Amino acid sequence: MRHPWWMASLAVLQLGCVAGVLVGSASWLSTARRDVARAQQDLAGVELSLAAQKQQQDRIALRERLLQRVRESGLAPAQWAERRLNVQQVALSREAAREVLGDIARAKGKMFYAEQFDLVVSRPDEDLFTPPPSTSAPALVTLSLRGRLFSQEGR
């Protein structure tokens, strides 16, 4: 028994529809894959941006904590006055030199930043750390000092 012609046509039509659906599905799948890849790239960019923002927020928080500690410890620049000192080759007694150096010595509320410092005995037979015998003439030293003296305001 032979099948009628319309059955063969119907089978070809069904085969064509299935092929069309497969081609359409393959195209849709390819587009969907591209969209997923693009979305993943966008997500990675957003995650990177969020990480950078978090890192920036962490740095800002750290900066604020450090500034607070500086204020509490009295080291904020606004709390300090600055005086420039410039003493060039002045002959002083050892006692006077000791007083000058004692005045600029680091203490609570005071710091000296030396740019230049020289302390020299006046005679080659003298020693900087051992005073000469009291029978000789007064021992002089030559002092050169340049720098900045910082002192806390209100102290």
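Only a predicted model underlies this, so the values are computations on that prediction, with no experimental measurement involved.
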Between Q41 and R38, a side-chain donor and acceptor under 3.5 Å: no
Heavy-atom check, side chain of K110 versus side chain of F112, under 4.5 Å: no
Min side-chain heavy-atom separation L92-R98 under 4.5 Å: no
Counterpart residues, side chain to side chain donor-acceptor pair (under 3.5 Å), relative to E64 (two or more places apart): none
Which residues share a side-chain contact (heavy atoms from CB on, under 4.5 Å) with E99, sequence neighbours left out: none
Separation of E82 CD from M111 CE (nearest 0.5 Å): 10.5 Å
Student check: side-chain heavy atoms of S151 and R83 closer than 4.5 Å: no
Minimum heavy-atom distance between V141 and A97, given as atom pair plus value: CG2-CB, 3.6 Å
L149 side chain near Y113 side chain, heavy-atom distance below 4.5 Å: no
Spacing of L66 atom CG and Q68 atom CD [to the nearest 0.5 Å]: 10.5 Å
Nearest-0.5 Å distance that lies between atom CZ in R146 and atom CG in D118: 10.0 Å
L101-V121 co-clustered via ILVMFWY side chain contacts under 4.5 Å: yes
Euclidean distance, R65 CZ relative to L67 CG, rounded to 0.5 Å: 11.5 Å
Shared hydrophobic cluster, I104 / F117 (ILVMFWY, side-chain heavy atoms < 4.5 Å): yes
4.5 Å side-chain heavy-atom contact, R59 and L62: no
Test: K54 and D58 ion pair at under 4.0 Å: yes
Side chain to side chain contact (heavy atoms under 4.5 Å, CB included) between E115 and N86, intermediate numbers included: CA-CA 10 Å; E115 296 166 3; N86 189 9; over 6 Å; no
Chi angles and distances behind the side chain to side chain contact (heavy atoms under 4.5 Å, CB included) call for V87, V100: CA-CA 10 Å; V87 177; V100 169; 5.8 Å; no
